[in-house]
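So the structure is just underneath, and the comments pick up after that.
A, B, ... follow the sequence lines: proteins, then strands. Residue 1 opens every chain.
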Amino acid sequence: MDSKKLVVDALLKVLPDEITEEQVQKLIEKPKTSDLGDYAFPTFILAKSLHKAPNMIAEDLVGKIDQAGFEKVVNTGAYINFFLDKSSFSNDVLHAVINDKANYGNQDEGKGRNVPIDMSSPNIAKPMSMGHLRSTVIGNSVAKIEKKLNYQPIKINHLGDWGTQFGKLIVGYKMWGSEADVEADPINNLLKYYVRFHKEAEDKPELDDEARAWFKKMEDGDEEALKLWAWFKDLSLKEFNRIYARLGVTFDHYTGESFYNDKMDAIVDTLREKGLLKESRGAEIVDLSDHDLSPALIRKTDGATLYITRDLAAAKYRKDTFDFVKSLYIVGSEQSEHFKKLKLVLKKMGYDWSDDITHIEFGLITTGGKKLSTRKGNVILLEGVLQDAVDLAKKQINEKNPDLKNKDDVAEAVGVGAVVFHDLKNERRDSFDFNLEEVVRFEGETGPYVQYTNARALSILRKAANLDYADADDLSLADPEAWDTIKLLQEFPAVIKRAGRIYEPSVIAKYALKLAKSFNQYYAHSKILNEDAGLNARLALVKSVTTVLQESLNLLGVKAPEEM
RNA sequence: GUCACAGUGGCUCAGUUGGAUAGAGCAACGGUCUUCUAAACCGUAGGUCGUGAGUUCGAAUCUCACCUGUGACACCA
């Protein structure tokens, strides 16, 4: 079913010998619109060697090309345009999707090998903000894409459950908090202490010293400090899990930073043995000036560890435990230097697998052009956004489809889907300013648009439930109205590959929008349930579109309600 | 200051490996529900692709310089 090969072969027969198959492969392009054919070959590069104008060359070659197997081959100016045979092409594509179902587009690139994915990683005792949404949904989608390529993703929630921040929290709690307040509304009250701490520490720097001291106690195993810490953590996880459930995200491990607490000495020892550790200004560092980077701080002046120390331990642990082929980190791009350092230090330690680590970075969400900061108290709470979106979806359902069953479930799927899709539809590196109206929009290039397209298509299939189009031998569909949709269906496997190669869920989101739009155009102009010779093929097309739309949404972590 | 990333219609963004008149969505204006869900479809209007050079038959795409924005730059993560 390799239609491009058909074109390449036809060209090779008539092109001068010095042009290789590889060159032809590279030169062939897909025209922007179907009226210029399905493949095109530009003849400019032949002009010099043949001493002829490109459009003359194109005209010449068209005369020589064997047109068998094509609908037609023509030239437009300097281009040779190939039009595929719609009947056989559609027959092949539709059979492939109907047979493979949700497995359509699966690949075996990963051969079942392990790929740990460091994702979500919210900080204990802080509410989940829109910022955490990004790491969570990108990670979730990347994991699904990896799985489709037959890697074995291992989703790790690298909780921010260790560090000086807990010293601050303990200080704040002891000064202004009470057990009753925390139990009543854990995250919000803990957040209050944290924000107040930062405010007061501006005038009273001794508070920072106190906080550092408490964290040092945690590292030294102090009972009171650890008891408070465990309590904060437990309460936080309960709230996080409620949100993860709404997003449909699960994890294989919740090994946060604290998990590596007892693995830190080994890493520091190794660094020392390899002569990488140096003392500088009272702290222990790995010098990276040979790479124009500031040093990696391994131990603070007071002996406590830092972010990178824990990440070194985590990287090593993951290699030892999972024997990964690649190890992914879904973390904001503001930390790109951290990962550069992390990989470098591992490399200096002699670990070649440092090269298999990839930082999958994403852009910042800002509000009013400013970075979200828990410390300063300007956060956009994820749960609030989800609820706003779901409420709006419910309102729309009541207006547009008041008789719908299980309205609440559908509203949840549509509202949450809109938020998740919005986050994934643009390149992950792009930063965007938060705008509620835009995030919960249901029209145009949105998640609900894709969901709605799928729901309408399913509605047609319900009306044709008594027909066995799926078993029909002939699924050829020469209808030009359906052509773009059929070609898009055929592209799906290549889309998966590309999304996987560059770790970009947006590639799939964009594809889903394109497919939905193309199908909506077809739907608006053609009557599908007509009793004529093309009925089986049309129904197979509708069925294939629902299969691929649903799988696309699934890969993005968005639900596909059957009715809405 | 150094490094990284970005700059495409009023707004938000597409644009594999350079290719045919730069595409969508929102917002604006106009049209389409007695027929498979109008969260849809069709049309109109709107762009010197940050600026200036260079490479090329051909540049939004590659190179260089500059401008603007954002982020990172040792005891936070």
With sugar-phosphate meaning primed atoms plus P, OP1 and OP2, does [X] contact a base, only sugar-phosphate, or nothing at under 4.0 Å between heavy atoms?
{"X": "A/Val414", "value": "base"}
{"X": "A/Glu427", "value": "sugar-phosphate"}
{"X": "A/Pro54", "value": "nothing"}
{"X": "A/His338", "value": "nothing"}
{"X": "A/Ser280", "value": "base"}
{"X": "A/Asp430", "value": "sugar-phosphate"}
{"X": "A/Asn81", "value": "base"}
{"X": "A/Gly163", "value": "sugar-phosphate"}
{"X": "A/Arg212", "value": "sugar-phosphate"}
{"X": "A/Lys48", "value": "sugar-phosphate"}
{"X": "A/Ala455", "value": "base"}
{"X": "A/Ala393", "value": "nothing"}
{"X": "A/Leu306", "value": "sugar-phosphate"}
{"X": "A/Ser336", "value": "nothing"}

Quiz item: For the atom pair CG (A/Leu539) and CG (A/Leu529), what is the distance rounded to the nearest 0.5 Å?
Solution: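 CG of A/Leu529 is found 6.0 Å from CG of A/Leu539.
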
Under 4.0 Å from OP1 or OP2 of [N]: is there any side-chain N or O of [X] that close?
{"X": "A/Tyr307", "N": "B/rA77", "value": "no"}
{"X": "A/Arg310", "N": "B/rA77", "value": "yes"}
{"X": "A/Lys26", "N": "B/rU17", "value": "no"}
{"X": "A/Lys32", "N": "B/rU21", "value": "no"}
{"X": "A/Tyr449", "N": "B/rC41", "value": "yes"}
{"X": "A/Gln335", "N": "B/rA72", "value": "no"}
{"X": "A/Ser294", "N": "B/rA74", "value": "no"}

Quiz item: For the side chain of A/Glu337, counting heavy atoms from C-beta on, which of B/rC5, B/rC13, B/rA72 is nearest?
Solution: B/rA72

Quiz item: Between B/rC5, B/rC41, B/rA74, which nucleotide gets closest to the side-chain atoms of A/Arg429?
Solution: B/rC5

Quiz item: So what stems show up for RNA chain B if we need 3 or more Watson-Crick or G-U pairs in a row, all under 3.5 Å?
Solution: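 Correct response: B:1-7 with B:67-73, B:10-13 with B:23-26, B:28-32 with B:40-44, B:50-54 with B:62-66.
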
Show the distances under 3.5 angstrom between N or O atoms of the protein and N or O atoms of nucleotides 24-28 of chain B.
| unit_1 | atom_1 | unit_2 | atom_2 | d |
| --- | --- | --- | --- | --- |
| B/rA24 | O2' | A/Glu445 | OE2 | 2.7 |
| B/rG25 | OP1 | A/Lys517 | NZ | 3.0 |
| B/rG25 | O4' | A/Glu445 | OE1 | 3.4 |
| B/rG25 | O4' | A/Glu445 | OE2 | 3.4 |
| B/rG25 | O2' | A/Glu445 | N | 3.3 |
| B/rC26 | O2' | A/Arg441 | NH1 | 3.0 |
| B/rC26 | O2' | A/Arg441 | NH2 | 3.0 |

Quiz prompt | Residues within residues 493-514 of chain A bordering RNA chain B, heavy-atom distance below 4.0 Å | solution =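 Heavy-atom cutoff 4.0 Å gives A/Arg498, A/Lys510.
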
Exercise. Please state whether the rings of A/His338 and A/Tyr307 are parallel, tilted or perpendicular, taking 30° and 60° as the class boundaries.
Key: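 It falls in the parallel class, under 30°.
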
Practice problem: Evaluate the ring planes of A/Tyr194 and A/His198, with Trp represented by its six-membered ring, and classify them as parallel (under 30°), tilted (30 to 60°) or perpendicular (over 60°). | Solution: perpendicular

Quiz item: Between the side chain of A/Ser518 and the main-chain N/O of A/Lys514, is any donor-acceptor distance below 3.5 Å?
Solution: no

What's the [atom1]-[atom2] distance between [X] and [N], to the nearest Å?
{"X": "A/Asn426", "N": "B/rU8", "atom1": "CG", "atom2": "C1'", "value": "14 Å"}
{"X": "A/Phe442", "N": "B/rU12", "atom1": "CZ", "atom2": "P", "value": "21 Å"}
{"X": "A/Asn435", "N": "B/rC13", "atom1": "CG", "atom2": "P", "value": "11 Å"}

Practice problem: On RNA chain B, check which nucleotide each of A/Thr76 and A/Leu364 is closest to and give me the residue with the more 5' one. | Solution: A/Thr76

Quiz item: Which residue lies toward the 5' end of RNA chain B, A/Pro31 or A/Glu562, if each is placed at its nearest nucleotide?
Solution: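 Its nearest nucleotide being more 5', the pick is A/Pro31.
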
Quiz item: Roughly how far apart, to the nearest Å, are B/rG43 and B/rA53 at atom C1'?
Solution: 42 Å

Exercise. Could you work out the separation of B/rG15 and B/rG9 based on their P atoms and round it to a whole Å?
Key: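 B/rG15 and B/rG9 have their P atoms separated by 16 Å.
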
Quiz item: Under a 90° cut-off about 0 for the syn range, is B/rC11 syn or anti?
Solution: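 Anti conformation here, the glycosidic angle of B/rC11 being more than 90° from 0.
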
Quiz item: Donor-acceptor pair under 3.5 Å: do we get one between A/Thr164's side chain and the base of B/rA77?
Solution: no

Quiz item: Quick one: do A/Asp302 and A/Lys216 make a salt bridge, cutoff under 4.0 Å?
Solution: no

